[in-house]
2 protein chains.
Amino acid sequence: MLDPGAVDRVFHALADPTRRALVERLGRGPASVKELAAPLPMSLAAVVQHVQVLEQSGVIRTEKIGRVRSCRLDPTGLDVAGRWIAERRALWERRLDRLGDLLAEPDSPCEQRAQPHDPNTTEEQS
Amino acid sequence: MLDPGAVDRVFHALADPTRRALVERLGRGPASVKELAAPLPMSLAAVVQHVQVLEQSGVIRTEKIGRVRSCRLDPTGLDVAGRWIAERRALWERRLDRLGDLLAEPDSPCEQRAQPHDPNTTEEQS
DNA sequence: CAAATACTAAAGTTTTAACTTTACTTTCTG
DNA sequence: CAGAAAGTAAAGTTAAAACTTTAGTATTTG
């Protein structure tokens, strides 16, 4: 259920702004490494390295045809990151639900510090 | 629409495995910095620094009461990352849809090049 | 076939980030 | 009130990443 190594690789891949720019570009369709490098202020070799990181993390897929390596998005990688995030958010919401239950329960068997508490104040956080 | 600075901060924050571990821990409920540090093989000061990165990225919120700083998850940060990912995935799917349309069309005026090689740009020489 | 193209591999440099140590502040607790 | 507890701030150290340069290898193209 979500290989920790895969999670690590994909979040590391997405942490770099250049690599996110590559992903955004590839969202508009496949491109060669040369095309990816064109708008970027760095050497082709640097872009090749970024492409390798993205591929190893499963965020993109590449295929070499002749002397051109064509790159395109692969949803597998983004799914790993998306699922990790969704899981954390789900946990957070479950907790809020349970908290809501406790507050709704007028007579909970919960051994809380029974603070004298103004019944008018609503404790809320946004 | 998704401040690039915010995206950068949150993906940088989530790139570190220790920080993701902190987020996972906080998914099970709030905790002090000391409690967060307990299971980790590093100094308290290091954990404080991680907590600061997480807070500045909007992934967690903290509040200091007396001498203890209490930390809890804040969905705002994860939302930023989640939305960025969802947008890329949406683009990818729209593209597949269009491709499907083209393939379904038996008599399409198929433009060969999906990303037209810009006729204006002269091929670069190095 | 010679030159150009599009990478690729390896090594070195530089920047960034993580982590430590030390010293200090503030807030409890006995 | 003395000392412990829980951070915090700053500086230094170390390790990881990003990027460059150089020197290649296949693969077209004229």
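Predicted model, so just to flag it, every value in this text is computed and none were measured. By convention in this document, chain letters (A, B, ...) are assigned in the order of the sequence lines, proteins followed by strands, and residues within each chain are numbered from 1.
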Check this one for me: any side-chain N or O of A:S32 less than 4.0 Å away from OP1 or OP2 of C:dC7?
yes

Minimum heavy-atom distance between B:A13 and B:L54, given as atom pair plus value:
CB-CD2, 4.2 Å

Here the residues of residues 37-45 of chain B within 4.0 Å heavy-atom distance, strictly under, of DNA chain C are B:M42, B:S43, B:A45

How far apart are the C-alpha atoms of B:V47 and B:T18, what are their side-chain angles, what is the distance that settles it, and do they pass the side-chain contact (heavy atoms from CB on, under 4.5 Å) test?
CA-CA 9 Å; B:V47 176; B:T18 299; 5.8 Å; no

So which atom in A:S32 and which in A:V68 form the shortest heavy-atom distance, rounded to 0.1 Å?
CB-CG1, 3.7 Å

Sequence-distant partners of B:E24, salt bridge (charged side-chain N to carboxylate O under 4.0 Å, His left out), two or more places apart:
A:R88

Side chain A:Q49 and base D:dT20 donor-acceptor under 3.5 Å
yes

Nucleotide D:dA6, atom C1' - distance to CD of B:E35 in whole Å
11 Å

What's the CG-P distance between B:L54 and C:dA17, to the nearest Å?
15 Å

Determine whether a donor-acceptor pair (N or O, by modelled atom type, separation under 3.5 Å) exists between the side chain of B:R83 and the backbone of B:L2.
no

Whole angstrom value for the distance that separates P of D:dT25 from CZ of A:R69
18 Å

With hydrophobic residues grouped by side-chain heavy-atom distances under 4.5 Å, do B:V48 and B:L40 end up in a single group?
yes

Is it the case that one hydrophobic cluster holds both B:V7 and A:F11, taking links as side-chain heavy atoms less than 4.5 Å apart, direct or via other members?
yes

Report the nucleotide, chosen from C:dC7, C:dA9, C:dA18, that has the shortest atom-to-atom distance to any side-chain atom of B:H12.
C:dA18

Please confirm whether the backbone N or O of B:R69 pairs with a side-chain atom of B:E63, one donor and one acceptor, at under 3.5 Å?
no

Nearest-nucleotide 5' precedence on DNA chain C, B:R67 against B:H50:
B:H50

A:R19: partners by salt bridge (charged side-chain N to carboxylate O under 4.0 Å, His left out), with sequence neighbours left out
none

Using modelled atom types only, decide if a donor and an acceptor are shared between the side chain of A:E93 and the backbone of A:A90 within a distance under 3.5 Å.
no

Give me the atom names and distance for the closest heavy-atom approach of A:I85 to B:L78.
CG2-O, 3.8 Å

Do any of residues 14-21 of chain A sit with a heavy atom less than 4.0 Å from DNA chain D, and if so which?
A:D16, A:R19

For A:L36 and C:dA6, give me the distance from atom CG to atom C1', rounded to whole Å.
13 Å

C:dA4 C1' sits how many Å from A:K34 NZ, rounded?
11 Å

Nucleotides 13-15 of chain C: which of its N/O atoms have a protein N/O under 3.5 Å away?
none

Nearest heavy atoms of A:A81 and A:L14, plus distance in Å
CB-CD1, 4.3 Å

B:L26 versus B:A31, closest heavy-atom pair with distance
CD2-N, 3.8 Å

Please report the distance, rounded to the nearest Å, between CD in B:Q52 and C1' in C:dA18.
13 Å

Can you list, in residue-number order, the parts of residues 2-10 of chain B that come under 4.0 Å of DNA chain C, counting heavy atoms only?
none

Calculate the interatomic distance between B:K64 atom NZ and D:dA6 atom C1'; express it in whole Å.
7 Å

State whether the side chain of A:E87 and the backbone N or O of A:W84 hold a donor-acceptor pair below 3.5 Å, judged by distance alone.
no

Can you tell me how far P of D:dT27 sits from CD of A:E63, to the nearest Å?
14 Å

